[in-house]
2 protein chains.
Amino acid sequence: MDYLDCEDEVLHQDKIEEARKKMMNGDIIFDLSNLYKVFSDETRLRILNALLISELCVCDISDLLGMTHSSISHQLKVLREMKLVKAKKVGKSVYYSLKDDHIQKIIEIGVEHINEKEI
Amino acid sequence: MDYLDCEDEVLHQDKIEEARKKMMNGDIIFDLSNLYKVFSDETRLRILNALLISELCVCDISDLLGMTHSSISHQLKVLREMKLVKAKKVGKSVYYSLKDDHIQKIIEIGVEHINEKEI
DNA sequence: TAAATATATGAACAAATATTCATATATAAT
DNA sequence: ATTATATATGAATATTTGTTCATATATTTA
């Protein structure tokens, strides 16, 4: 393990200790990584973006994104499991909508970041 | 392609059109997905979290996270390429720090979301 | 009741990605 | 100059993950 190889004079024990104390705990890091993983896929982002505009059934989303029902359905399952969308069954159709407004905020800040980087 | 199989009566053409018009364009979706991909990995999140607290060299980060220099260095490269961190060389060491404060905001909103979900 | 439609899902496959290992480069110390 | 140290990086490996394909379930219609 070469993470033990640094000379003591190079390590900043004070800073390391401070960081160790103030850092978020492992569970939160784990949950956070899973949350952002949802937003890291273009298909899921497009689905969330669409639902931000309107409630839609699976057929609508498939048509809108030009992708198979299966693919969309798999991704909707991920979004459901992460509790980012809710499903409402009406007849043979299932209507999806967003579960809360953090989604909008998360996307907005991301867009803000990207726009500033372009300058 | 079974995304063409839905009956016309099931599709909501008005909603689909509205979504099509209002949705973000593909380039932004692509950039967004790449941005969130950075936050989707626990190692990178821990590095960002540490740098949020203090400027650190590679040795510090390796020691703090209990991971090899190589692994940390690879992830720092990703963070550099995404322009989320900046590097300052001093002697043999390279000191890393955050490049802007969107990082903090993105993490904060994620934490907020997770905490509310726990209720 | 049988056939058709909308959605869901398990398994297989392909593509992406994180870590390890080996090695390279740059700087400092001897 | 030579050796040691801090960091970087290419290639290989292992794991994860998105889509496709086949099939299952639920609801409606004939």
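Values below: every heavy atom of this structure, side chains too, minus hydrogens, waters and symmetry copies. So that the names make sense, note that chain A is the first sequence line, chain B the second, and so on, each numbered from 1.
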For [N], does either OP1 or OP2 sit under 4.0 Å from a side-chain N or O belonging to [X]?
X      : N       : value
S73(A) : dT9(C)  : no
K37(B) : dT17(C) : yes
T68(A) : dT20(D) : yes

Spacing of [X] atom [atom1] relative to [N] atom [atom2], expressed in whole Å:
X      : N       : atom1 : atom2 : result
D63(B) : dT7(D)  : CG    : P     : 12 Å
K89(B) : dT7(D)  : NZ    : P     : 9 Å
M67(A) : dA6(C)  : CE    : C1'   : 18 Å
K92(B) : dA29(C) : NZ    : C1'   : 7 Å
E42(B) : dT15(D) : CD    : P     : 16 Å
L65(A) : dT19(D) : CG    : P     : 10 Å
L11(A) : dA6(D)  : CG    : C1'   : 11 Å
I61(A) : dT19(D) : CD1   : P     : 14 Å

TODO: Could you say whether T43(A) or G91(A) is positioned toward the 5' end of DNA chain D, judged by the nucleotide with the nearest heavy atom to each?
DONE: T43(A)
Open item on the list: Return whichever of Y96(B) or Q75(A) has its heavy-atom-nearest nucleotide of DNA chain D closer to the 5' end.
Closed with: Y96(B)
Task: Within-4.5 Å side-chain heavy-atom neighbours: V111(A) and E108(A) - done: no
TODO: May I ask you to test the M67(B)-S62(B) pair for a side-chain heavy-atom distance under 4.5 Å?
DONE: no
- [ ] Identify the residue among K15(B), R20(B), K22(B) that makes a salt bridge (Lys or Arg N to Asp or Glu O under 4.0 Å) with E18(B).
- [x] K22(B)
- [ ] Among dT19(C), dA8(D), dT9(C), find the nucleotide with the atom closest to the side chain of K77(A).
- [x] dT9(C)
Task: Selected nucleotide, minimal atom distance to S70(B) side chain, candidates dA8(C), dT27(C), dT20(C) - done: dT20(C)
- [ ] Look at the side chain of H74(B) and the base of dT7(D), then say whether one donor and one acceptor between them are separated by less than 3.5 Å.
- [x] no
Open item on the list: Looking at S93(A) and dT27(D), is any side-chain donor or acceptor paired with a base atom of the opposite kind under 3.5 Å?
Closed with: no
Open item on the list: Using only atom types and a distance under 3.5 Å, with no angle test, would you say the side chain of R44(A) pairs donor to acceptor with the backbone of F39(A)?
Closed with: no
Open item on the list: Any side-chain to backbone donor/acceptor pair from D60(B) onto H12(A)? Under 3.5 Å, distance only.
Closed with: yes
Open item on the list: Mind checking if S71(B) touches a base, just sugar-phosphate, or nothing, with heavy atoms under 4.0 Å?
Closed with: base
